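As structure tokens, the structure follows; a few thoughts come after it.
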Amino acid sequence: MTNFQSRVIEVVRRIPRGEVRSYGQVAGLAGRPGAARAVGTLMRKNRDPSVPCHRVIKSDGTLGGYNGNLGEKRDLLESEGVRLK
DNA sequence: CGTATGACGTGCA
DNA sequence: GTGCACGCCATAC
């Protein structure tokens, strides 16, 4: 496992319930500002349920992507109290 | 080791 | 508001 990947996972793991972070923010917190796209690359591969990857959305507030159905991601977030566009 | 890929971000038409 | 072109970065091939 690469160092970058570990960091990203750590960061995402710390996102409190009811809050969200953009891919770019996560990248920054992971120590690699500007690697937003790379974060997506990792999330796409990540299968670990201990990582609330559904709390990671785009910087403009839209959902972005998801492993399973996007509707699921939307519901999860709203059920956690997150407002979406 | 070079090329392709994608859950991004920003700017501009 | 919508769509497209580009640049970016870590991974997968």
Side-chain angles (χ1 to χ4, degrees):
Chain A
M1 185 161 283
T2 69
N3 184 270
F4 179 64
Q5 188 170 166
S6 313
R7 295 219 210 186
V8 172
I9 291 176
E10 282 288 319
V11 176
V12 178
R13 245 171 143 337
R14 287 175 188 153
I15 301 178
R17 187 171 170 288
E19 285 187 38
V20 294
R21 294 281 140 74
S22 75
Y23 295 90
Q25 274 180 107
V26 174
L29 295 176
R32 206 71 193 122
R37 202 161 186 181
V39 171
T41 303
L42 296 184
M43 294 290 90
R44 184 173 172 282
K45 293 293 181 182
N46 178 63
R47 291 285 175 184
D48 194 333
S50 64
V51 182
C53 48
H54 60 275
R55 295 187 196 153
V56 183
I57 63 179
K58 295 193 97 183
S59 61
D60 58 14
T62 51
L63 287 176
Y66 194 55
N67 290 341
N69 186 285
L70 268 179
E72 192 183 330
K73 180 174 182 177
R74 191 170 50 247
D75 293 329
L76 276 168
L77 290 176
E78 292 192 334
S79 70
E80 288 183 359
V82 181
R83 280 194 273 139
L84 297 75
K85 295 187 173 182

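The shown structure was predicted, so the numbers you read here are calculated from the model rather than taken from an experiment. Naming convention: chains lettered A, B, ... in sequence-line order (proteins, then strands); numbering from 1 in each chain. Values reported hereafter were calculated over all heavy atoms of this structure, with side chains retained and with hydrogens, waters and symmetry mates removed.
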note = Here the residues of residues 52-62 of chain A within 4.0 Å heavy-atom distance, strictly under, of DNA chain B are Cys53(A), Lys58(A), Ser59(A)
Side chains of residues 76-85 of chain A: which donor-acceptor pairs under 3.5 Å do they make with residues two or more places apart or in other chains?
unit_1, atom_1, unit_2, atom_2, d
Ser79(A), OG, Asp75(A), O, 3.2
Ser79(A), OG, Leu76(A), O, 2.6
Glu80(A), OE1, Arg55(A), NE, 3.0
Glu80(A), OE2, His54(A), NE2, 3.1
Glu80(A), OE2, Arg55(A), NH2, 3.2
Lys85(A), NZ, Asp60(A), O, 2.9

key: With Glu10(A) via salt bridge (charged side-chain N to carboxylate O under 4.0 Å, His left out) - residues at least two apart   = Arg14(A)
Each nucleotide N or O in nucleotides 11-13 of chain B that has a protein N or O under 3.5 Å away: list the pair and distance.
none

Non-neighbouring partners of Pro16(A) that pass side-chain contact (heavy atoms from CB on, under 4.5 Å), sequence neighbours left out = Glu19(A), Arg21(A)
request  = Identify the heavy atoms of Asn67(A) and Asn46(A) that sit nearest to each other, and give their distance.
outcome  = ND2-O, 3.4 Å
key: Heavy-atom pair of closest approach, residues Tyr66(A) and Glu72(A)   = OH-OE2, 4.0 Å
query = Out of curiosity, does Val12(A) fall in the hydrophobic cluster containing Ile57(A) (side-chain heavy atoms, cut-off under 4.5 Å, transitive links)?
reply = no
query = Does a distance-only test, which skips hydrogens and angles, find a donor-acceptor pair under 3.5 Å between the side chain of Asn46(A) and the base of dA7(B)?
reply = no
request  = Check whether any side-chain N or O of Lys73(A) sits under 3.5 Å from a backbone N or O of Val56(A) as a donor-acceptor pair, and report yes or no.
outcome  = yes
key: Qualifying residues under side chain to side chain donor-acceptor pair (under 3.5 Å), relative to Thr2(A), sequence neighbours excluded   = none
task = Please name all residues satisfying side chain to side chain donor-acceptor pair (under 3.5 Å) with Arg7(A), sequence neighbours left out, ordered by chain then number.
result = Asn3(A)
key: Contact list for DNA chain C against residues 18-28 of chain A - heavy-atom distance below 4.0 Å   = none
Members of residues 72-85 of chain A that approach DNA chain B, where some heavy atom sits under 4.0 Å away = none
query = Ile15(A), Phe4(A): one ILVMFWY side-chain cluster at the under-4.5 Å cut-off?
reply = yes
Throw together a table of side-chain donor-acceptor distances under 3.5 angstrom for residues 28-43 of chain A, partners on residues two or more places apart or in other chains.
unit_1, atom_1, unit_2, atom_2, d
Thr41(A), OG1, Arg37(A), O, 3.1

query = What one-letter contact string describes nucleotides 8-13 of chain C from 5' to 3', where B marks a base within less than 4.0 Å of any protein heavy atom, S marks contact via sugar-phosphate atoms alone, and - marks no contact?
reply = BBSSS-
request  = Please list, chain by chain and in numerical order, all residues satisfying side chain to side chain donor-acceptor pair (under 3.5 Å) with Arg47(A), sequence neighbours excluded.
outcome  = none
ask   = Where is the tightest heavy-atom contact between Leu70(A) and Gly65(A), given as atom of each residue plus distance?
value = CD2-C, 3.8 Å
